[in-house]
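Labels below follow one simple rule: chain letters A, B, ... track the order of the sequence lines, proteins then strands, and each chain is numbered from 1.
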Amino acid sequence: MATERYNPRDAEPRWQQKWNEAKVFETDNDDPREKYYVLEMFPYPSGRIHMGHVRNYAMGDVVARYKRARGYNVLHPMGWDAFGMPAENAAMERGVHPASWTYQNIASMKSQLKAMGLSLDWSREFATCDVAYYQHQQRLFLDFLEKGLVYRKQSKVNWDPVDNTVLANEQVIDGRGWRSGALVEQRELIQWFFKITDFSQDLLEALDTLDQWPEKVRLMQKNWIGRSEGMMLRWEIVEATAPAGETEIEVYTTRPDTLFGASFLAIAADHPLAKDAAATNPAIDAFCEECRRAGTSLAALETAEKKGIDTGIRVKHPLDPSWELPVYIANFVLMDYGTGAIFGCPSGDQRDLDFARKYGLPVVPVVMPADGDAATFSIGDVAYDGDGIMINSRFLDGKTTGEAFEIVADRLSSMTLGNAPQGERKVNFRLRDWGISRQRYWGCPIPVIHCDDCGVVPVPKKDLPVQLPEDVTFDQPGNPLDRHLTWRHVACPQCGKDARRETDTMDTFVDSSWYFTRFTAPWEDKPTDLSAANRWLPVDQYIGGIEHAILHLLYSRFFTRAMRETGHVDAKEPFKGLFTQGMVVHETYSRGSGMSREWVAPADIRIEELDGKRRAYHLSDGEEVAIGSIEKMSKSKKNVVDPDDIIASYGADTARFFVLSDSPPERDVIWSEAGVEGAHRFTQRLWRLIAEASGNLRDVLSNPAKDGDAKAISQFAHKALKAVQNDYDRLWFNKAVARIYELVNALASPLTKVAAGEGDQAYRAAVRDAAEILIQLVAPMTPHLAEECWAALGNGGLLAHTNWPVYDDTLVIENDVILPVQINGKKRAELTISRDADQNAVTEAVLALDDVMKALNGQTPKKIIVVPQRIVNIVV
RNA sequence: GCGAGCGUGGCGAAACUGGUAGACGCAAGGGACUUAAAAUCCCUCGACUUCGGUCAUACGGGUUCGAUCCCCGUCGCUCGCACCA
């Protein structure tokens, strides 16, 4: 029987339409079955999807389809992370309004995603720039404000004086604005902050409960939160050297044990005492200025030399009032960590040591390694910052660093300076509060009003939403909201006088910090429907890129806690399972070198292989092109492959199948033409085998064989089913692919026999059973092809509605096992024996094997190790 | 500098809890079918070999009856953080 080639261009839209008509993927919140929430990080609507999206969404779709077949009520929604700078840049460059640019992009990306055949519930779709979404975000903001989770404070920002805007740190390149090229200034602006630090300890501790997250991400978050245990320590200023009104300096330290090694105090250039000193001393002022400038731009590049200047201030050592130490301003002390002041212990800290050597300050070793010798231990150019035994530390000598920490902490806590304890134990975090103010148009307006009399007044909830005005211009730099003629003018909600709206909008990370919660009831007229949110959260499986390991995931964890405190959800953690997938990478091609180097797109070249050497030639002129390294797909290197082209020529199933095969999902996958063709051959092969046999299988009822020639077929299929099921449960897509290939290889000959009219009824029933298992196994990856095959076998109804098959235990367990037989750890023979044979029987049978007798050559075994159902090892 | 991870054929990779190293795919080579090509099907495919075997999982040691897997050291690559007191 001649069979037509499988034509994805015909089949894929056809099945997509059927799924659509049957609303297979629309999820009912009231469905009583066990829930499963699978989500991929929603995309920014840049205009086109790329291969990274294809891989990300293919993975999520496999999980969604698999869990659906397993009987779960699956929620698998999609939306758009739609606010942000690119829309405003488009407005500036091309005069398009950000809204129309964004919604057009959404429309085209949506049609691309639809062409992939993803099993998404599109009825829940929204974009974060929809008023219907961001009005609820404003409501959440106001609730957080009431709870004290939002506040304003002055803080330093990167200010671009040409564009009149604040720049994120990533937008500052070599001290200049990435767009304007202007030298970036540090400005103090009043900004809105979320109090994420209220949850520092909880965010840290709860990481331990996230056992379905990659260890790596948890570690990154742990380091980011940066908990340290130490103490606050107050140093009395020697009166004669004190600036007016100042009596003490407070420092934070994690090493109170090294207190006798102190030789100076150092404060940040922005420390209040530094400012006092600068006011009266031009040299100090100049030094502080220099620190500030270096801090903004090149600090990260140079491993900046430790520099400082003596303030003239002297302090008394807390444990010896007769001991006076100098106070320096130092460039390596940060104002926004701890108290902006440290005590320097040169022997125990490399920075302090470098500093001390430069300014001739004493270096007293106070800790030596446990196996050191107190008489000879000294410090050269390298500080010793490890644990050990105290020396040169009076009453601490001989104690361990841990003991010394406790003794000093206890003693200082019980001492007083003025009317407060000299020191107290203190846990400190690196994590800072989250600044959310952006001086931009295309973001969620912060719903507050500034009144000269009443101060900062929240917009009353009944007045929400605060909607972005549409009539804005982008012909001048700065925030269009600021110069809008009417929008910002508003009556104060409290006193009714003329007042001004806040013109800052929110960081777009706010938008993505709760969208997964909104998906649970996007129609609700409050931010959440509490029962729906509680039902669905946490997300069972979240899938996305590792680049969001810290910010997005940490902000979302904070947001969920804040929403919990304000009664919008009961869950504490948003994502139960997290998976970070690798990138799609591709070879690069280029010609020319240096400045005239030209990158060539994969679509414009042809590869030839001669004597094992691959060479690339340009399609247009036949000129040879150099094959470069394999890199992340990027426009600048032109090594991009457009998903649209792939779907048009091979179909969505091939693209999906390929990005899931080959590499483990957490690792990068190399996109190659040959690989895609291999995947495509597979789809054609599967179709051909099923289609050719379908005529003789249509009228047969599936039934696995328990004996006869067909038994092996049924065993193979049911074992594959068990294995692939396990692979899907663990997101081992590449292994599932390999096993599916094996199953197709094993079924090729039986299917061909059936196609030729061979095989009795029982044989055909077993083949049909195996074929159906195969189709179900590939369905999550290549759903259109699977539906087509399913229908070809004469099945009515959609495969997407069909339950996952159940493997037959008796077919999966072998009665006989093949044991490898080793002699001295090297394999010499094989033994086939009954699964439940006891040790003695195995030993006896092994020694009777020809190969074993030959290898032993008369020697008596010293020992025979039998690992049941595994292996036998004979030691001679 | 600190932290984490990785290193297996020509290539992407498998190998369960320490138990037959290289499944599966790609590339390559040979053959069948064809007037021919494509497609398809079959075979070979780590290295060396005196065809008995021997050596092979970055390198050097160790533990073990047995190590890709565990331990110690070295080298290389990737990622994250980087004055955090």
Side-chain angles (χ1 to χ4, degrees), chain A residues 5 214-220 222-224 226-228 230 233 251-255 258 266 268 295 299-300 303-304 306 330-334 336-345 348-352 354-355 385 428-432 546-547 549-550 607 609 611-614 630 658 661-664 666-670 672-679 681-682 684-685 688 723 726 732 734-745 748-749 752 818-830 854-855 861-867 869-876:
Chain A
R5 280 172 69 78
E215 193 53 48
K216 182 184 168 132
V217 174
R218 290 197 282 173
L219 188 69
M220 282 164 76
K222 189 179 164 211
N223 292 339
W224 186 264
R227 183 182 198 273
S228 65
L233 186 49
V251 306
Y252 177 72
T253 179
T254 56
R255 295 297 299 273
T258 64
T303 6
K306 308 285 171 276
N331 64 348
F332 63 92
V333 179
L334 307 172
D336 45 11
Y337 186 78
T339 61
I342 62 159
F343 80 77
C345 172
D349 184 292
Q350 194 59 45
R351 293 158 302 174
D352 297 347
D354 295 346
F355 192 82
D385 60 4
N428 211 18
F429 293 92
R430 204 190 79 114
L431 183 67
R432 323 253 173 85
I546 186 77
E547 66 274 17
I550 297 176
I607 301 260
E609 183 154 345
D611 300 332
K613 274 223 159 189
R614 294 172 69 246
I630 294 169
F658 177 68
S661 56
D662 267 345
S663 289
E666 68 280 5
R667 231 182 276 177
D668 292 349
V669 66
I670 301 171
S672 73
E673 276 304 304
V676 177
E677 274 164 22
R681 269 201 298 277
F682 166 82
Q684 291 296 345
R685 182 171 190 227
R688 189 169 6 88
N726 181 49
W732 290 345
N734 59 319
K735 294 185 201 177
V737 167
R739 283 190 231 279
I740 286 167
Y741 269 114
E742 282 177 324
L743 181 55
V744 174
N745 290 343
S749 136
T752 309
I818 300 170
L819 292 180
V821 179
Q822 295 181 332
I823 293 173
N824 286 339
K826 295 225 157 100
K827 189 197 161 192
R828 297 295 173 191
E830 264 179 5
K854 215 163 97 192
K862 268 191 205 151
K863 197 172 169 188
I864 298 177
I865 293 145
V866 178
V867 184
Q869 289 163 48
R870 281 274 182 204
I871 204 164
V872 180
N873 193 10
I874 303 171
V875 187
V876 188

Under a 3.5 Å cut-off for both contacts, is [N] paired Watson-Crick or G-U wobble with anything, and if yes, with which nucleotide?
| N | result |
| --- | --- |
| B:A39 | none |
| B:C24 | B:G12 |
| B:U34 | none |
| B:G46 | B:C55 |
| B:C65 | B:G19 |
| B:G1 | B:C81 |
| B:C75 | B:G7 |

Using a 4.0 Å heavy-atom cut-off across all strands, classify [X] as base, sugar-phosphate, or nothing.
| X | answer |
| --- | --- |
| A:Arg227 | nothing |
| A:Val737 | nothing |
| A:Val867 | base |
| A:Leu219 | sugar-phosphate |
| A:Asn223 | nothing |
| A:Thr253 | sugar-phosphate |
| A:Asp662 | base |
| A:Glu830 | base |
| A:Tyr252 | base |
| A:Lys862 | nothing |
| A:Gly678 | sugar-phosphate |
| A:Asn745 | sugar-phosphate |

Report yes if a side-chain nitrogen or oxygen of [X] is closer than 4.0 Å to either non-bridging phosphate oxygen (OP1 or OP2) of [N]; otherwise report no.
| X | N | answer |
| --- | --- | --- |
| A:Arg430 | B:C81 | no |
| A:Arg667 | B:A13 | yes |
| A:Arg739 | B:A14 | no |
| A:Arg218 | B:A4 | no |
| A:Arg828 | B:G66 | no |
| A:Asn734 | B:G25 | no |
| A:Lys735 | B:A15 | yes |
| A:Ser228 | B:A85 | yes |
| A:Arg870 | B:C16 | no |

Name the residue closer to the 5' end of RNA chain B, choosing between A:Ala748 and A:Ile818 according to the nucleotide with the nearest heavy atom.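 Counting from the 5' end, the first nearest nucleotide belongs to A:Ile818.
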Using heavy atoms to find the nearest nucleotide of RNA chain B for A:Trp732 and A:Glu742 separately, return the residue whose nucleotide is more 5′.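 On the 5' side of the pair lies A:Trp732.
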How many whole angstroms separate atom [atom1] of [X] from atom [atom2] of [N]?
| X | N | atom1 | atom2 | value |
| --- | --- | --- | --- | --- |
| A:Ile871 | B:C16 | CD1 | P | 13 Å |
| A:Gln350 | B:C2 | CD | C1' | 13 Å |
| A:Asp352 | B:C83 | CG | C1' | 10 Å |
| A:Phe682 | B:G25 | CZ | P | 10 Å |
| A:Gln869 | B:U20 | CD | C1' | 16 Å |
| A:Asn824 | B:G53 | CG | P | 15 Å |
| A:Ile874 | B:U20 | CD1 | C1' | 14 Å |

Just wondering, more than 12 heavy atoms not from A:Ile818 lying within 6.0 Å of its CD1? no
